[in-house]
Amino acid sequence: MSEPSRTDPPQPNQSQRLLFEGGSPGRTAFSWPDKTPAVSESIPETYLRQDIPDFPELGELELLRHFTRLSQRNYAIESQFYPLGSCTMKYNPKINEVVARYPGFSLVHPLAPPALNQGALELLFGLEQMLAEISGMDDVSHQPSAGAQGELTGLMLIRAYLSAQGNPRKKIIVPDTAHGTNPASSTLCGYDVVQVSSNEQGVIAAAAVADAMDDDVAALMITNPNTLGIFEKNIEAVAEVVHDKGGLVYLDGANLNALMGIAKPGHMGVDVLHMNLHKTFSTPHGGGGPGAGPVGVKTFLRDFLPTPRIVKTANGYELIEDMPASIGRVRSFFGNFGVLVRAYAYILSLGGDGLEETSRMALLNANYIRSKLERHYQLAYTEPCMHECVFNDRNQHRNGVSTLDIAKRLLDYGFHPPTIYFPLVVSGALMIEPTETETPETLDQFIEAMIAIAQESRETPDLVKNAPHTTPVRRLDEAKAARKPVLRWERPEVER
Ligand SMILES: *Cc1c(COP(=O)(O)O)cnc(C)c1O
């Protein structure tokens with residue numbers, strides 16, 4: 001790759017304007033037929049606004065072009081490779097969108113009685129069973145709307161179970177490689193967090209957990225594969241240490257895309273887990289969009305699950321509300337139903353073999369990138385990786401180039417950067433998750449860009465340190481950009 005691909009400069013006189021600067025008084029994108037009664041007739045006077053300060057008055061086409069242009073500035077999985085580690089930015093097949101929009105699903109009313117909702121309930125029940133099968137758990141609840149809410153729900157189940165035994169206990173053990181949501185959920189659930197360190201192989205050793213384990217520990221939260229992309233091979237021994245002292249094992253299953261059809265957390269001593277449907281099971285996400293973080297449990301925790309539970313009877317599907325030990329609802333209705341429909345369609349369209357191949361391809365792609373880049377970037381750990389690989393910036397640092405500079409320079413090459421500076425145990429981390437949906441050609445283009453940046457870091461480090469050079473805005477003061485965003489786009493001087 002000789003030349004970074006350049007972002008086409010927007011056309012003159014289209015780009016600079018904000019909505020508030022365009023238009024003209026009286027111009028409108030929309031007009032009512034004369035005979036339509038004014039809306040104001042049905043709304044009491046006191047609720048009617050006389051005037052909206054600075055309201056932009058624009059024609060339909062101006063408005064349309066404005067938003068179309070903005071949408072084209074977005075970086076999306078449907079336009080480019082998105083190797084954002086830990087986030088699983090893979091392609092979400094369009095068939096899932098088609099199915100989620102079927103009127104029978106999209107218009108179904110969540111308060112309709114079960115007799116009128118049998119199809120939706122069948123789907124929810126079926127998805128619970130499929131997710132239980134994939135994860136090796138006995139029961140699943142779809143209520144949590146995200147991974148983090150799944151964590152909180154799982155910890156509430158653990159607290160409810162231990163309380164029923166007489167003592168909710170006080171602490172949760174969390175490895176130093178954990179996603180930030182793990183300690184946050186523990187704290188929100190009223191527990192103190194005890195951190196254990198991973199070893200030189202990037203995994204947790206049973207001895208480290210044994211040192212931290214006592215009668216006050218309610219649970220260990222472990223992520224497998226962990227956020228270094230490494231399989232926690234000691235998980236069974238670790239689970240035994242926790243169980244021996246009466247604690248439970250919680251698995252952060254956000255990375256289930258590395259395990260499907262290959263290994264089941266339920267066979268590794270895990271008592272509770274959550275899954276990220278919007279990552280592994282293909283719902284568009286990012287920007288805080290809708291997610292689903294179902295929890296799976298072993299049978300002994302079944303009675304504590306959120307209500308209502310869906311049961312299959314001789315008369316069809318019914319809802320059970322009366323579960324005295326339940327932690328109650330954790331959100332309205334049945335969870336994010338549209339996301340659940342997408343996951344159902346995704347699982348059925350791939351089948352068991354397809355899911356296994358998905359995981360195997362995710363592992364293959366990550367290991368391909370790992371082996372192609374390891375001569376250029378230092379690997380944080382030498383273990384083979386699962387679905388993502390983590391490098392650091394040590395080689396580049398000799399020339400004063402940091403992870404942030406590498407990430408910014410990737411923008412000039414037209415790529416979304418990987419996750420940077422996470423996990424925290426790796427100084428200057430570059431965490432790359434290619435996912436299974438990318439072709440070898442795409443991976444090669446990314447690899448070439450990364451190798452070119454490694455070379456630039458040696459030969460022309462200032463080029464990398466001052467990147468990006470081709471984006472609408474250059475290097476920003478990130479704190480200031482978040483607190484005082486300047487939305488007006490200034491045409492950059494194009495370097496020749
Ligand atoms: C994404 C992720 C989470 C959080 O999931 P959300 O749906 O964003 O709340 C938790 N743990 C791990 C390991 C993750 O990758």
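Both counts, for ligands and for their atoms, begin at 1 and track the order of listing. Note that the structure is predicted; figures quoted are calculated from it, not measured. Atom set for the values below is all heavy atoms of this structure, side chains included, hydrogens, waters and symmetry mates excluded.
No N or O atom of Thr227 sits closer than 3.5 Å to an N or O atom of ligand 1. Considering backbone and side-chain N/O atoms, His278 comes within less than 3.5 Å of an N/O atom of ligand 1. Taking distance alone, with nitrogen or oxygen atoms compared against 3.5 Å, Ala254 stays at or beyond that limit from ligand 1. Residue Ser86 has at least one N or O atom closer than 3.5 Å to an N or O atom of ligand 1.
With hydrogens left out, the protein atom closest to atom 4 (C) of ligand 1 is His179 CE1, 3.9 Å, a heavy atom. Among protein heavy atoms, atom 5 (O) of ligand 1 sits closest to Asn276 ND2, 3.0 Å. Atom 15 (O) of ligand 1 has its closest protein heavy atom at Lys279 NZ, 2.7 Å. Of all protein heavy atoms, the one closest to atom 11 (N) of ligand 1 is Asp252 OD2, 2.6 Å. Scanning the protein heavy atoms around atom 9 (O) of ligand 1, the nearest turns out to be Ala148 N, 2.8 Å.
For the residue pair Asn182 / Asp252, a side-chain donor-acceptor distance below 3.5 Å is found, with atom types taken as modelled. Side chain to side chain, Asn226 and Thr177 fail the donor-acceptor criterion of an N or O pair below 3.5 Å.
Short contacts between ligand 1 and Ala146, defined as distances under 4.0 Å to a heavy atom of the residue, involve ligand atoms 7 (O), 9 (O). The Gly147 neighbourhood of ligand 1 comprises atoms 5 (O), 6 (P), 7 (O), 9 (O), with distances under 4.0 Å to a heavy atom of that residue. Listed by atom number, the atoms of ligand 1 under 4.0 Å from Glu151 heavy atoms are 10 (C), 11 (N).
Counting only distance, with no hydrogens or angles, the side chain of Lys298 and the backbone of Gly266 share a donor-acceptor pair below 3.5 Å.
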Cut-off 3.5 Å, no hydrogens considered: what does the side-chain donor-acceptor table look like for residues 347-354, sequence neighbours left out?
unit_1, atom_1, unit_2, atom_2, d
Ser349, OG, Ala345, O, 2.9
Ser349, OG, Tyr346, O, 3.0

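With contacts defined as side-chain heavy-atom distances shorter than 4.5 Å, the pair Val270/Tyr250 does not qualify.
Phe281 does not carry Arg342 over the face of its six-membered ring by the limits of under 6.0 Å from the centre and within 45° of the normal.
The pair Lys94-Glu78 meets the salt-bridge criterion, with a side-chain N (NZ, NE, NH1 or NH2) lying under 4.0 Å from an Asp/Glu carboxylate O.
Between Phe125 and Tyr317, the ring-plane angle classifies as tilted under the 30° and 60° cut-offs.
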